[in-house]
**Q** 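There's a structure below that I have some questions on.
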Amino acid sequence: MKLHLTMDGAPGQIEILSPGPACCFRLNGEQREAAVETPEPGVYSVLLNGRVYDARIEELADGARGVAVVIDGFRFVVEVRDPRRMAAAAAQTGRQGAATVAAPMPGKVVRVLVALGDQVEAGQGIAVVEAMKMQNEMKAAHAGRVASLRVKEGDTVSAGQTLATIE
Amino acid sequence: MKLHLTMDGAPGQIEILSPGPACCFRLNGEQREAAVETPEPGVYSVLLNGRVYDARIEELADGARGVAVVIDGFRFVVEVRDPRRMAAAAAQTGRQGAATVAAPMPGKVVRVLVALGDQVEAGQGIAVVEAMKMQNEMKAAHAGRVASLRVKEGDTVSAGQTLATIE
Amino acid sequence: MSAPLFSKVLVANRGEIAVRVMRTLREMGIATVAVYSDADRNSLHVRMADEAERIGPPPSADSYLRMDRILDAARKHGAAAIHPGYGFLSENAEFAAACEDAGVVFIGPSSQSIRAMGSKTAARQVAIAAGTPVVPGTEGPVDAAQARAFGRQAGYPILLKAVAGGGGKGMRRVDREADLESALRDASSEALRAFRNGDMYAEKLIERPRHIEIQVLGDRHGHLIHLGERECSIQRRHQKVIEECPSPLVDLHTEMRHAMGEAAVRAAAAAGYYNAGTVEFLADAQRNFYFLEMNTRLQVEHPVTELVTGLDLVRLQVEIAAGRPLRLKQEDVRWRGWAMECRIYAEDPYNNFLPYPGKITRLTRPLGPGVRIDGAIYPGWTVPVDYDPLLAKLAVWAGHRDDAADRMIRALREYDVGGIRTNIGFFRQILEDAEFRAARLHTGFIEEFFERRTPPQTSPDMAVAAALAAALHARSRFRAPETTRADSTSNWLRAGRSGLLR
Amino acid sequence: MSAPLFSKVLVANRGEIAVRVMRTLREMGIATVAVYSDADRNSLHVRMADEAERIGPPPSADSYLRMDRILDAARKHGAAAIHPGYGFLSENAEFAAACEDAGVVFIGPSSQSIRAMGSKTAARQVAIAAGTPVVPGTEGPVDAAQARAFGRQAGYPILLKAVAGGGGKGMRRVDREADLESALRDASSEALRAFRNGDMYAEKLIERPRHIEIQVLGDRHGHLIHLGERECSIQRRHQKVIEECPSPLVDLHTEMRHAMGEAAVRAAAAAGYYNAGTVEFLADAQRNFYFLEMNTRLQVEHPVTELVTGLDLVRLQVEIAAGRPLRLKQEDVRWRGWAMECRIYAEDPYNNFLPYPGKITRLTRPLGPGVRIDGAIYPGWTVPVDYDPLLAKLAVWAGHRDDAADRMIRALREYDVGGIRTNIGFFRQILEDAEFRAARLHTGFIEEFFERRTPPQTSPDMAVAAALAAALHARSRFRAPETTRADSTSNWLRAGRSGLLR
């Protein structure tokens, strides 16, 4: 099965010829071998070229595609797609025209500073999110109209969740 | 639902009137209350009478019935039965006439010292099980005939597994 | 195995400090009572305690700051004393007094001492009276002429500060007299807008100051000593994140330890202080030091002092609170080796250190020689959004500073927390930084570090391993694989991409 | 941050000691190479290493004892040195020589020293020659007349031992001369049957001996010192399970430390010893001590010495192996406070300490002040049946012995390992035992403890909580609950049942 990869934004391709423990794979055309075990759920111990990599898979928060792979503290964001499924997935993707204002951290919405339909300037505050005693004002990246407002005061939001869209 | 309990060999009865977090239950006829949470799978944090009990459930090895509950290092072996199911369960239980010789620890069978049908003395060695460089000879508890021999040299056995039965 | 000093103690706190205090109480044979808000029913300090009492809903004002409920819980459970930890009610003189009134021992200083050292200005007066050096300043509000006089006397640069100020508003650095008048005018009008009060005072500006603090300890019989210093210059958002004992500066100039220790003890004695407390100083490049404030409670970073002196500060606090005389004399205090502490926060250091609470999905902690962890987290626990994002304190000890730093890096590499963001990978970069290793520390260190930082490089094979792991993981989730046609590839694997060290 | 002493070191071991060695290597900036058998591919020492090489199937003889494969792995990975840990090839003179021949540094003593101290009898001769006291004995085989002469000279009780013996077979204690002849006859015929050799020798019997050992350390330039003693009297099946530093006996009579230390250094010097080694002694109630044997490698229980002296023995081993002179002088060695170690085994202490390997389903480790863990386990890992059942070493440090014991109890209470049996709960009972607290230690302590032990009691409410948790757990597994009729109940909850402390 050939899979399409995106790692930290750059594309690639991997084909698993044999899944392991004696793993054989073709990465961007080059065939390689590795000894792979899963000592814990979501953890891959990869022996590649005599070196050991303890790779921990972390599901990303809602909205984000792919997974994070953590090795020795380094974090790689990798998206793996089965090309046979891409058409279907593409169909599900919504329009991406509007700029979104997203929560950078999980927390509570303590103030909403705009109303639906408001004209806003670049840098204007949209909402204030608080977590652990720290308040953070979410700002519009550029000028436009508040096309949607998805939260209200008191709502709990997760990291990356869209608060509003600006068109 | 009323449940039958056996704790470290002694019988009892418990009825869960309300499961929690504000738990109400009747134990051996006495109604009591406790605040119960499950902070981790298989772990119950019980607040009873102002005191905190962090109870960890451990499934017992094959063959044994019930679970072990570990609180502050203390280990209680508790069997819980739904009386409605007891008839069915009883029907599944096999005959218990013969004396069994069981492995006291997980390990490998390094030697079998008897053959099926052999007449054995009390204290006579039946098989030798090895784990972690220690060999342990399993002995017949009393004299009799080897009615069944369930392992052969090289087998891996788990704790409590029957090696042979003596009639 | 003798009778415990108290039969039962209530810990009026949560998180790592509640757990840390309970550990010593348990070692002393003292039963522990936890209090908790609804957000903390599943928190480790509750699960570990012998007894527990709910004190309200999540907001601190409705739970951990509710003196009445905490005292009710102490009475209900029969606790003979209360340990306040740090934060919350720990420096609240009213609470200390309420405990005294209720016949419950407050494990800390007297309410009078807390009051005397409670406000920065009051504490400054106590320090001046005790002959402890303070940052030169005008005390009261100044006009332009007075500011000019102060500038000439103290020397530039100076700092103009709003009397009613805080948070950097109405603050101006002035480097020469020519700039003074306009700076004063601007700052004053900013202060007027922000605080409705345009009064300004002037202070000598300490450039690239180091934050060095002295641990003091005294019994209720007038015996007061110091346990040496800690350096806490590595800060983000004016909050310490790495602390060391000893201070690299003091270690080179040990006469400073004696001088600062003496000054701290004098200031504490002037406030009639007993139990554990910390006197904070700023130190400049010329090794002058200036009283900043006194923290009248156990400090977050107390473990580095414990590791180097071999003392258990919580045990000493309890003994002192029970009226025991402190047998330790100043000359008995010995400092051995080097300790460092990193405060592990649920935050994203690459996004302005914003808090990042959430559910902890993976947790592997460092073990082995010279590693100490004080934490209150476990896998599956959700870090509540209601409180401080401190997850744990990772402290190491070794014979020398370089060995301690190498040990800290080793420990950070073993530390894996999944599901949330932490500053673990960020600390590793700080610890590897040449400026840090050369001990050129000051409170603006992290801001400067961000300017010179070059992201660490990974090996190409590490990226290959990551890609393979992700593909195998995805494969285990896809069903019914089939072969399909390939398209273009790229060279991201050859580049040694810089993975983010999280 | 200077260049490491070796660029890469192979660790020819597994389990906790491989992990412990790798931690220090990593701190020293040295890359690590693990070797593993098929049973250990998922073991922590492999997952933690920088590089790894398979060396064979599970049996030690086919993997960890295969010198050829380990040296091949060292060559393949470019390792400049090999650390042997303890056990396996660590005391194999042939392996040390093979490393030397292959141009790979063996991190340990010379093959000559290992040979000189390798057999008990050879080591005894070295010790005698060096003037180190040994247990009085006849050396060679004796007849009845010679045995009688020895008994009169050494005083009763004496011990008759088979020259070819081992495992207690052909061994007899003799309390008075009248019993000597028949005992010798019986023992000799037992030895003849067991070993086809009826030769017997006689030894003074040391009653209720304490096991006290001296850590020695020497460089390759003839500088040899000792790091004080450890007491390892708490043993089961002749294997140490609790170790302390200092020894409570030596702590009361510090002149013993000097005398034993001198004797150990003399014996080591006589064997031309360098690197770390341990000289074991038996001590009697009159504080006489007798050379037992020398272990020519790092000891399992080395952490207690590290905690009290503040030294990193593995770091020192590596420095010495690299040819560095040992800068530490005897008078620089300082002992501070008290350390204890418990060896956590996968075993059932209530079933003759039988090994109990299996899958680890839960794992919570103690944290906080004064706790050190050296382990190699993780949740979900299956303890292999092929090797020693040591899971981890739990060590604590505190200022005094009582505080260290209380800290150990606290740590043991926090330690939870599920899925297998361990000796954690058993240790807690030992640590609470009045004889242990009074430090009346001897190598037969555990046997006597089992005779006087009263199982600890639990509170009735703890049993209620256990019943409730079990019922809630079962309920979550049953489907479609329905009410049914109840039958008889019992009073097990009122009794304060004695749960087993596991």
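These numbers were taken from a predicted model, which means no experiment stands behind them. Excluded from the calculations below are hydrogen atoms, water molecules and symmetry mates; all remaining heavy atoms, backbone and side chain alike, are included. The sequence lines fix the lettering, A, B, ..., with proteins before strands; numbering per chain opens at 1.
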**Q** I'd like to verify something: which residue of D/Gly399, D/Gly310, D/Gly337, D/Pro369 has the highest number of heavy-atom pairs under 4.5 Å with chain C?
**A** D/Pro369
**Q** Can you give me the closest heavy-atom contact between C/Gly368 and D/Asp374, atom names plus distance?
**A** CA-OD1, 3.6 Å
**Q** Going from CG on D/Asp406 to CE on C/Met28, what distance comes out if it is rounded to the nearest 0.5 angstrom?
**A** 9.5 Å
**Q** Heavy-atom pairs under 4.5 Å with chain C - which of D/Thr24, D/Val19, D/Val371, D/Asp403 has more of them than the others?
**A** D/Asp403
**Q** Heavy-atom count around D/Arg452 CZ within 6.0 Å, excluding the residue itself: above 12?
**A** yes
**Q** Is any side-chain heavy atom of D/Arg413 less than 4.5 Å from a side-chain heavy atom of C/Arg26?
**A** yes
**Q** Chain C contacts: which residues in residues 41-49 of chain D have a non-hydrogen atom closer than 4.5 Å to it?
**A** D/Met48
**Q** Under the criterion side chain to side chain contact (heavy atoms under 4.5 Å, CB included), I'd like the reasoning laid out for C/Asp312 against D/Arg407: C-alpha separation, chi angles, the key distance, then a yes or no.
**A** CA-CA 11 Å; C/Asp312 181 336; D/Arg407 182 159 280 174; 3.1 Å; yes
**Q** Between C/Arg372, C/Glu306, C/Arg20, C/Met408, which residue shows the highest count of heavy-atom pairs closer than 4.5 Å to chain D?
**A** C/Arg372
**Q** So which part of D/Leu311 gets closer than 4.5 Å to some heavy atom of chain C, the side chain, the backbone, both or neither?
**A** neither
**Q** Could you tell me which of D/Arg365, D/Lys393, D/Glu414 has the largest number of non-hydrogen atom pairs under 4.5 Å with chain C?
**A** D/Glu414
**Q** Tell me, side chain or backbone of C/Pro303 under 4.5 Å from chain D's heavy atoms, or both, or neither?
**A** neither
**Q** Check whether any side-chain heavy atom of C/Arg334 lies under 4.5 Å from a side-chain heavy atom of D/Arg334, and answer yes or no.
**A** no
**Q** Relative to chain D, which segment of C/Glu16 carries a heavy atom at a distance below 4.5 Å: side chain, backbone, both, or neither?
**A** neither
**Q** List in chain and number order the residues that pass side chain to side chain donor-acceptor pair (under 3.5 Å) with C/Glu243, two or more places apart in sequence or in another chain; answer none if no residue qualifies.
**A** C/Arg343
**Q** Looking only at atom types and distance, does a side-chain atom of C/Arg23 sit under 3.5 Å from a main-chain N or O of D/Leu367, one as donor and one as acceptor?
**A** yes
**Q** Pick whichever of D/Leu307, D/Val314, D/Thr309 has the most heavy-atom pairs under 4.5 Å with chain C.
**A** D/Thr309
**Q** Between C/Arg336 and chain D, which part of the residue has a heavy atom less than 4.5 Å away: side chain, backbone, both or neither?
**A** both
